[in-house]
Each structure stands twice: as structure tokens, then as C-alpha cells.
Amino acid sequence: QVQLVESGGGLVQAGGSLRLSCAASGRTFNRYIMGWFRQAPGKERESVAAISWNGGIYYVDYADSVKGRFTISRNNAKNTVDLQMNSLKPEDTAVYYCAVKLSSSFDYEYWGQGTQVTVSS
């Protein structure tokens with residue numbers, strides 16, 4: 001089983017930046033995907049970004065709404081997967097979750113507790 005701990009949420013003004021971190025512990029697997037999701041009030045949960053690696057090569061993917069503004073990365077020194085969020089907009093306001101999808105699973109099955117991101121106008 002995998003346990004996920006998130007940090008970095010907060011309140012920022014439009015145009016500002018935040019860096020979210022997700023630390024994983026417990027059982028690890030050779031192949032998995034780490035993703036960031038968000039859910040705003042009254043809206044469905046949506047995928048924001050994801051990162052995976054295979055043979056030392058990193059693969060990243062982003063939702064169209066955050067391309068060019070958000071960057072997902074692996075921080076080897078801190079053993080985390082981070083989400084750098086720049087040029088934040090009020091519509092980015094949501095609870096952000098990190099999650100893990102094992103290569104052998106169809107869905108993301110391990111989730112963090114969520115961290116609130118609020119962007120004021």
C-alpha cells in the first residue's frame with residue numbers, strides 16, 4: 001500500500017505562484033504514474049498533470065487549461081513529486097490532490113488528503 005502526503009497549498013493573488021509537493025511512502029513499485037487532480041466547488045474532479053518514468057525517461061502530460069503555466073517534476077533530493085504553479089488564475093481555485101496509478105491498475109487507487117489552493121482576484 002502507498003501513503004501520500006501533500007503540502008504547499010495556500011492563498012495567493014492572481015498572477016502569483018505556488019509549489020505543491022507530494023511525498024509517497026510505503027510499498028513502491030517499479031512502474032507507476034503520479035498524478036495531480038483538482039476539484040472546485042460544484043465541479044467534477046479533473047486531471048491536472050501526470051508524470052511517469054520508464055527506463056530513466058520521464059513522461060509528462062498536462063491538461064490544456066494549465067499548459068504553459070504548471071510544471072510537474074520529480075524532486076529526487078526531497079523524494080517528492082512537485083507541481084509548480086505559475087500565473088495562477090481565480091479559476092485555478094480548488095482542492096488539489098495527488099494520486100498514484102500502478103502500471104497494473106486501470107485507475108488511480110492511492111490518494112492524498114488534498115490541499116486547498118485559493119487564488120484571489
**Report entry** Straight-line distance of Glu109 CD to Leu102 CG, nearest 0.5 Å
**Finding:** 4.5 Å
Report task. Decide yes or no for Thr118 and Gln116: does some side-chain heavy atom of the first lie under 4.5 Å from some side-chain heavy atom of the second? Result -> yes
Query raised in the report: Sub-3.5 Å donor-acceptor pair from the side chain of Thr93 to the main-chain atoms of Val119, do we have one?
Result: yes
Report summary line: In short, Lys101 meets Asp107 closest at the heavy-atom pair CG-O, 3.7 Å
Query - Separation of Glu91 CD from Ser121 OG (nearest 0.5 Å) - result: 10.0 Å
**Report entry** Listed partners of Thr71 passing side chain to side chain donor-acceptor pair (under 3.5 Å), at least two apart
**Finding:** none
**Report entry** Nearest non-hydrogen partners of Ala49 and Leu83, listed with the distance
**Finding:** CB-CD1, 4.1 Å
Query - Closest heavy-atom pair and its distance - Leu4, Val2 - result: CD2-CG1, 3.7 Å
Query raised in the report: Would you say Tyr58 and Val100 are hydrophobically clustered, going by side-chain heavy atoms of ILVMFWY under 4.5 Å?
Result: yes
Query - Gap between atom CG of Asp61 and atom OG of Ser52 - 0.5 Å precision - result: 9.0 Å
Report summary line: Between the OH atom in Tyr32 and the OG atom in Ser104, the distance rounded to the nearest 0.5 Å is 13.5 Å
Query raised in the report: Can you tell me if Tyr59 uses its side chain to pair, donor with acceptor, with the backbone of Ala50 under 3.5 Å?
Result: no
Report task. Mind jotting down which residue pairs meet the side chain to side chain donor-acceptor pair (under 3.5 Å) criterion with at least one end in residues 39-48? Sequence neighbours excluded, please. Result -> Arg38-Glu46
Identify each donor-acceptor pair in which a side-chain atom of residues 7-22 lies under 3.5 Å from a protein atom, sequence neighbours left out, and give them as a table.
| from | atom 1 | to | atom 2 | distance (Å) |
| --- | --- | --- | --- | --- |
| Ser17 | OG | Asn86 | OD1 | 2.9 |
| Arg19 | NE | Asp82 | OD2 | 3.4 |
| Arg19 | NH1 | Gln84 | OE1 | 2.9 |
| Arg19 | NH2 | Asp82 | OD2 | 3.3 |
| Ser21 | OG | Asp82 | OD1 | 2.9 |

Query raised in the report: With sequence neighbours left out, which residue pairs that include part of residues 62-97 fulfil the disulfide (SG to SG under 2.5 Å) condition?
Result: none
Query raised in the report: Where do Val5 and Gln113 come nearest, in terms of heavy atoms and distance?
Result: CA-OE1, 4.2 Å
Query raised in the report: Less than 4.5 Å apart, any side-chain heavy atom of Met85 and any of Val117?
Result: yes
Query raised in the report: If you group Ile, Leu, Val, Met, Phe, Trp and Tyr whenever their side-chain heavy atoms sit less than 4.5 Å apart, what else falls in with Tyr97?
Result: Ile33, Phe37, Val95, Tyr108, Trp111
Query raised in the report: Do you know which two heavy atoms are closest between Ile72 and Trp36, and how far apart they sit?
Result: CD1-CD1, 3.7 Å
Query raised in the report: Mind checking what makes side chain to side chain donor-acceptor pair (under 3.5 Å) contact with Asp64, not counting sequence neighbours?
Result: Lys67
Report task. Measure from the side-chain N and O atoms of Glu6 to the backbone N and O of Cys98, and report whether any donor-acceptor pair falls under 3.5 Å. Result -> yes
